[in-house]
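Note on naming: letters A, B, ... go to the chains in the order of the sequence lines (proteins, then strands), and numbering restarts at 1 for each one. This one's a predicted model, so the numbers in the text were calculated from it and none came from an experiment.
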Amino acid sequence: MTRPALAIAGLTACFGCQLTFLNCEAELPTLAECFDFTYFPMGNSRHDIGGEFSAALVEGAVSTPDDLETLIRLRSRSRTLIAFGTCARWGGVAAMNNHLSRDAMAESVYGKEAVLTGSFNPGPLDRFVTVDFSITGCPPEKNELLATLAALLHGTLPVFPQYPVCIECRNRECLCLLMERGEPCLGPITQAGCNARCPAVSIKCEGCRGPVTEANVASELEMLQEKGISREELIRRMRRFYPEWDYGQRA
Amino acid sequence: MVRHFLADNSLGQLLDWLSRFGALHGPIRTAEGVEVFGPVQAEDDLLLTCRRTLIPPKKYLLPPRQVILNYTAADGYTLPDETAPQVILFGVHPCDLQGIAYLDRVFLGDRPDRLYRRHRDAITLVGLSCEPDEFCFCTSHENIPRNADLFLQHVEHGFLVSTGTSKGEGMIAGLEPLLSDLNIAPQPLSENRMMTRLREVAKNGETFPDSPLWEHFATRCLSCGACSVCCPTCYCFDVLENGALDGTTAERFREWDNCLFRAHGEVAGGTNFRPDRRERFHYRYLHKYLGFGALAGEPACVGCGRCRVVCPVGIDLTELFTEGGDARP
Ligand code: SF4
Ligand code: SF4
Ligand code: SF4
Ligand code: SF4
Ligand code: SF4
């Protein structure tokens, strides 16, 4: 049986998503048997982007001409293109300041002599190419990655939860930090799948998995403002992983 | 009327005796301070006067996520073969006992659910009377629910012990050395106004179609799902299947769902029976208070109050009855 060829690539990102893959230590031998990792610069010395791929997992936001070239190349050679992680799916941390002037930001980091290198505002993959599937998360969850890879072997794609983090948090009977402590938890508007990783250890959800499909953003903002948290503070928190919330969205 | 009496200071012995039949679970407080049903390590862990746990005991019968079928190419789909551990569920309040009675009718009625049956058979229910607070409105705290294998009613210096099942009769016989006779007048039944109103609403099939409250609910609801996760009679689940890395076997599982989620009414092709939140609230209302399917005309709500406690935006469907549906802007 020929093994499906995979590409795992990183654009503008921290490489944490690809690390999630390498962290699947128990499964790596099986994965190496099941797939041919044809293009995986971070994990493999063979860098062959010339052939065709069953699937490409692409980490990171698109923010440089090189990113765009890699992305388009992978898109045109892959049957399934998967946005891998929050940056690839939503823009992520790299995009949190997209509303500010790029020149001013460059100057604040590199000083007056700063030269912009042709980079542009970081954006998610689907701004540039058609994306077939996404695994969100900063970083993504191992089990969702493995479920996706397994599904590829079965010739399909998995169905991930479409409900918010609160469901997983309540199922685990964690303390609701929003209701019991008045904290600005973003659980109600954030895509589940992490099994309420943060509230389970009494840390409010920061929204690292991006918006849940039917987020009632307007009501979440009203409710938290009634608890005395300013709109500016809330928007600053929400922008951290996704800069383009529709603050008026109710469904 | 002569009743079996268990003195306060014999409770420990009762618990020891019960533990011989299975793992003792009851209301306890987690490290974070949440009141939940969980394993009881010591008598002191047990919360005898707890109002309500976050999740009702339905989690023992229908876990939040449960593998329902395994698939292999050779055998096709087969039921998972694990056995359910024997659990003594102590301190189940009357509303939750009623909730279990409702789930029994749903899952063990015309087409019994074999996994539910497995878990249900492994559970011994020990009920406990409680004091209502401003959130709950069940009327059964003075009645002894018939599905309790043992029911403990708080009285001065101890508990009255009774049973509604044949399993319980055997248990009471075994407990004889701990029990004494107490002559006590039966308590008068009291009716709760909200529950009376709810029954009336169910009987007349009232739906308050013109109430402005519907829009108010739909605008605020976060679709967080807490109201159904925490409801003792919400049993909706979604069914999903994941293939394994071996490329041939698969697991099919079910997980709790909520009719306030968009995906609950969605079918192939993206069509949705209840595309907006307002319609979803009508649906929830219909099920909770008027009943549907084989249980039409019977409210599912047992008045535990959980949905009123856990909603982060304070949505309370019972406002429809109390305010007649026209009290809000
Ligand atoms: S702590 Fe956050 S995630 Fe958990 S239930 Fe409360 S709001 Fe939802
Ligand atoms: S709880 Fe929130 S911040 Fe934490 S991992 Fe999950 S989505 Fe991310
Ligand atoms: S609808 Fe609310 S009050 Fe009624 S049984 Fe469910 S959680 Fe309890
Ligand atoms: S339809 Fe709604 S109210 Fe009825 S059991 Fe399902 S989630 Fe609960
Ligand atoms: S608990 Fe409240 S906000 Fe959450 S789904 Fe139910 S009604 Fe909506």
Side-chain angles (χ1 to χ4, degrees), chain A residues 1 4 24 27 30-31 33-35 143 146-156 158-180 185 187-189 192 195 199-202 212-220 222-224 226-227 250-251, chain B residues 28-38 53-55 59 63-65 71 217-230 238-251 255-258 260-264 266 275-278 280 306 309-315:
Chain A
M1 190 181 105
C24 299
E27 294 83 7
T30 313
L31 291 171
E33 273 171 35
C34 299
F35 295 100
N143 66 333
L146 291 170
T148 306
L149 294 173
L152 288 171
L153 294 172
H154 289 256
T156 171
V159 176
F160 289 147
Q162 292 183 51
Y163 45 72
V165 171
C166 292
I167 275 270
E168 296 178 326
C169 183
R170 295 301 198 173
N171 282 351
R172 293 183 69 173
E173 296 184 278
C174 306
L175 182 78
C176 178
L177 303 163
L178 186 147
M179 293 187 72
E180 306 301 330
C185 184
I189 50 173
N195 206 14
V201 292
S202 296
V212 64
T213 19
E214 53 180 316
N216 192 337
V217 186
S219 177
E220 167 93 358
E222 284 157 13
M223 180 228 352
L224 291 173
E226 279 164 28
K227 291 187 192 292
R250 288 208 182 259
Chain B
I28 54 170
R29 189 172 284 112
T30 63
E32 290 72 39
V34 184
E35 297 184 344
V36 305
F37 273 100
T53 55
L54 181 60
I55 292 185
K59 69 180 181 184
R65 197 173 218 254
Y71 176 82
F217 296 151
T219 310
R220 282 185 304 157
C221 172
L222 297 166
S223 290
C224 77
C227 50
S228 69
V229 164
C230 299
D238 195 9
V239 176
L240 299 149
E241 186 169 304
N242 277 348
L245 266 183
D246 59 16
T248 60
T249 64
E251 267 186 352
E255 59 179 22
W256 290 351
D257 203 347
N258 181 323
L260 293 176
F261 293 161
R262 176 193 292 164
H264 189 278
E266 200 171 57
D276 65 48
R277 233 179 228 125
R278 197 187 154 118
R280 288 176 228 148
R306 285 187 180 87
V309 176
V310 298
C311 178
V313 290
I315 288 174

### Task
Find the one option among B:Cys230, B:Ser228, B:Cys221 whose heavy-atom pairs under 4.5 Å with chain A are most numerous.
B:Cys221
#### Entry: Taking every non-hydrogen atom, the tightest pair across B:Pro312 and A:Leu178
CB-CD2, 4.1 Å
## Note on the structure
Greatest number of non-hydrogen atom pairs under 4.5 angstrom with chain A, of B:Gly33, B:Ala250, B:Gly38, B:Pro64, falls to B:Pro64
### Message
Between B:Ser223, B:Ala263, B:Gly225, B:Pro63, who has the most heavy-atom pairs with chain A when the cutoff is under 4.5 Å?
### Response
B:Ser223
### Query
Quick one: does A:Thr213's side chain get under 4.5 Å of B:Arg262's, heavy atoms only?
yes
#### Entry: Contact origin within B:Ala31 toward chain A - heavy atom pairs under 4.5 Å
neither
### Task
State, to 0.1 Å, how close A:Cys166 and B:Cys224 come at their nearest heavy-atom pair, and which atoms those are.
CB-O, 3.7 Å
### Task
Check whether any side-chain heavy atom of A:Cys174 lies under 4.5 Å from a side-chain heavy atom of B:Glu32, and answer yes or no.
no
### Task
Measure the OG1-CD distance between B:Thr30 and A:Glu173 for me, rounded to the nearest 0.5 Å.
8.5 Å
### Query
Is the shortest distance from a Lys or Arg side-chain nitrogen in A:Glu214 or B:Arg280 to a carboxylate oxygen in the other one below 4.0 Å?
yes
### Query
Do you know the tightest heavy-atom contact between B:Val310 and A:Met179?
O-SD, 3.1 Å
## Note on the structure
Heaviest contributor of heavy-atom pairs below 4.5 Å to chain A, chosen from B:Ile55, B:Val229, B:Asn242, B:Val36, is B:Ile55
### Task
Find the distance between CZ (A:Arg172) and CG (B:Leu54) and round it off to the nearest 0.5 Å.
13.5 Å
### Task
Can you measure from CD (A:Glu222) to CZ (B:Arg220) and round to the nearest 0.5 angstrom?
9.5 Å
## Note on the structure
OG (A:Ser219) and CD1 (B:Ile315) are apart, to the nearest 0.5 Å, by 7.0 Å
### Query
With only heavy atoms counted, which part of B:Cys227 is less than 4.5 Å from chain A, the side chain, the backbone, both or neither?
neither
### Query
Can you check whether B:Glu255 reaches A:Tyr163 side chain to side chain, under 4.5 Å on heavy atoms?
yes
### Message
Please find the pair of heavy atoms, one from B:Ala226 and one from A:Arg170, that lie closest to each other, and give the distance.
### Response
CB-NE, 3.8 Å
### Query
For B:Thr219, is it the side chain, the backbone, both or neither that has a heavy atom under 4.5 Å from a heavy atom of chain A?
both
### Query
Counting heavy atoms not belonging to B:Arg29, are there more than 12 under 6.0 Å from its CZ?
no
### Task
Please tell me if the side chains of A:Pro164 and B:Leu222 come closer than 4.5 Å, counting only heavy atoms from C-beta onward.
no
#### Entry: Test side-chain contact (heavy atoms from CB on, under 4.5 Å) applied to A:Ala251 - qualifying residues, sequence neighbours left out
B:Arg277
#### Entry: Residues forming a ring-ring contact (aromatic ring centres under 6.0 Å, His included) with B:Phe217, sequence neighbours excluded
B:Phe281
### Query
Given a strict heavy-atom distance threshold of 4.5 Å, which part of B:Leu240 is in contact with chain A: side chain, backbone, both, or neither?
side chain
### Query
Under a 4.5 Å heavy-atom cut-off, does chain B meet the side chain of A:Leu31, its backbone, both or neither?
side chain
### Message
Can you tell me which portion of A:Leu175 sits under 4.5 Å from chain B's heavy atoms? Options are side chain, backbone, both or neither.
### Response
both
